[in-house]
Amino acid sequence: EVLLNQPQTEQVDVWSAGVTLYQMLLGRPLLNIFLGPGATQCSDQDPHRSNAIKQRWLVDEICSLCPPSPDSRPEEVSPLCWDFVRRVLTPEPTQRITVDDALEHPWLATVRCAV
């Protein structure tokens, strides 16, 4: 929503929590595109175009990776946990799990019981 300049709801926070959880579980960031100096080769001449290019790259990477495929689940991550990750990392906010539904997800119930 942020990258596409769409109105933001609490669904953007669900997404952020999913990105954080993904990194905690896998030990690596979800997105890997290089956005640093010189990435677009046009930052100095046209910074607005450079930002637009970087936004497009991020959106494209998100669309290609999310939700993570069932086959990409690491062995050490339970299927129930991976289902939760997939639901919070659904790019379309209207299809993403809601906060209330996330709190009722069976994986969170197992985590609460374990604590």
Side-chain angles (χ1 to χ4, degrees):
E1 297 97 310
V2 174
L3 292 171
L4 297 174
N5 299 315
Q6 297 175 344
Q8 296 169 33
T9 66
E10 66 184 13
Q11 289 301 87
V12 75
D13 297 323
V14 172
W15 174 267
S16 296
V19 171
T20 301
L21 179 61
Y22 181 95
Q23 185 159 353
M24 291 171 64
L25 290 169
L26 277 69
R28 61 180 171 83
L30 174 65
L31 304 176
N32 296 298
I33 192 96
F34 175 72
L35 301 173
T40 63
Q41 301 298 315
C42 67
S43 296
D44 292 336
Q45 300 87 4
D46 191 348
H48 295 293
R49 181 170 173 254
S50 178
N51 284 340
I53 291 169
K54 290 176 183 181
Q55 280 182 298
R56 174 54 33 210
W57 288 349
L58 285 169
V59 169
D60 289 348
E61 186 173 18
I62 289 167
C63 290
S64 72
L65 295 175
C66 295
S69 74
D71 297 337
S72 65
R73 178 182 64 85
E75 225 176 86
E76 63 275 9
V77 175
S78 75
L80 211 51
C81 176
W82 198 245
D83 179 69
F84 183 81
V85 169
R86 288 177 39 78
R87 291 174 187 261
V88 296
L89 289 178
T90 298
E92 175 55 46
T94 60
Q95 295 176 4
R96 190 177 308 140
I97 195 169
T98 65
V99 170
D100 290 337
D101 289 343
L103 292 172
E104 297 299 321
H105 190 277
W107 178 69
L108 281 185
T110 63
V111 173
R112 279 193 294 264
C113 290
V115 175

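One-based numbering along the sequence shown. Basis for what follows: all heavy atoms, side chains included, without hydrogens, waters or symmetry-related copies.
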Peer 1: According to salt bridge (Lys or Arg N to Asp or Glu O under 4.0 Å), does anything in residues 57-66 pair up with another residue at least two apart or in another chain? List the pairs.
Peer 2: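 Counting only pairs at least two positions apart or across chains, the salt bridge (Lys or Arg N to Asp or Glu O under 4.0 Å) contacts touching residues 57-66 are R56-D60.
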
Peer 1: Quick one: NE2 on H105 to OG1 on T98, what's the gap to the nearest 0.5 Å?
Peer 2: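 If we round to the nearest 0.5 Å, H105:NE2 and T98:OG1 are 11.5 Å apart.
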
Peer 1: For a quick test of your reading: what N or O donor-acceptor pairs under 3.5 Å do the side chains of residues 31-39 make, sequence neighbours left out?
Peer 2:
none

Peer 1: Over 60° means perpendicular and under 30° means parallel, so classify the ring planes of W82 and Y22, tilted if in between.
Peer 2: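 Judged by the thresholds at 30° and 60°, the geometry between Y22 and W82 is tilted.
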
Peer 1: Does V14 have any side chain to side chain contact (heavy atoms under 4.5 Å, CB included) partners at least two apart in sequence or in another chain, and if so, which?
Peer 2: Q11, V88, R96, I97, V99

Peer 1: Would D83 and R87 count as a side chain to side chain contact (heavy atoms under 4.5 Å, CB included) if you check the C-alpha gap in whole Å, the side-chain angles of each, and the deciding distance to 0.1 Å?
Peer 2: CA-CA 6 Å; D83 179 69; R87 291 174 187 261; 2.7 Å; yes

Peer 1: Of all heavy-atom pairs between I62 and W15, which one has the smallest distance, and what is that distance?
Peer 2: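 Result for this residue pair: CG2-CH2, 3.6 Å.
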
Peer 1: Please identify each residue that fulfils side chain to side chain contact (heavy atoms under 4.5 Å, CB included) with P67, with sequence neighbours left out.
Peer 2: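 P67 satisfies side chain to side chain contact (heavy atoms under 4.5 Å, CB included) with R86, T90, P91 once adjacent residues are dropped.
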
Peer 1: Stepwise, does the side chain to side chain contact (heavy atoms under 4.5 Å, CB included) test hold for F84 with L108?
Peer 2: CA-CA 8 Å; F84 183 81; L108 281 185; 4.0 Å; yes

Peer 1: With rounding to the nearest 0.5 Å, note down the distance linking CD in Q41 to CD1 in I53.
Peer 2: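 If we round to the nearest 0.5 Å, Q41:CD and I53:CD1 are 10.0 Å apart.
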
Peer 1: Are side-chain heavy atoms of S78 and T110 found at a separation under 4.5 Å?
Peer 2: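 Side-chain contact under 4.5 Å: no.
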
Peer 1: So if I apply the side chain to side chain contact (heavy atoms under 4.5 Å, CB included) rule between R73 and each of C81, P68, P79, which one comes out positive?
Peer 2: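 The option that passes is P79.
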
Peer 1: Minimum heavy-atom separation for L89 to G18, with atom names?
Peer 2: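 Taking L89 first and G18 second, the nearest heavy atoms are CD2-C, 3.6 Å.
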
Peer 1: Could you tell me which residues satisfy side chain to side chain contact (heavy atoms under 4.5 Å, CB included) with P106, sequence neighbours excluded, listed by chain and number?
Peer 2: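 Per chain and number, P106 pairs via side chain to side chain contact (heavy atoms under 4.5 Å, CB included) with L80.
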
Peer 1: Answer yes or no: is there a side-chain heavy-atom contact under 4.5 Å between L58 and K54?
Peer 2: no

Peer 1: Taking all heavy atoms of V85 and all of L25, pick out the closest pair and write down the distance.
Peer 2: CG2-CD1, 3.7 Å

Peer 1: Restricting to non-hydrogen atoms, name the atom on C66 and the atom on L30 that form the minimum distance, rounded to 0.1 Å.
Peer 2: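 Nearest pair, atom of C66 first, then L30: SG-CD2, 3.8 Å.
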
Peer 1: Of all residues at least two apart in sequence or in a different chain, which pass the side chain to side chain contact (heavy atoms under 4.5 Å, CB included) check with S69?
Peer 2: D71, S72

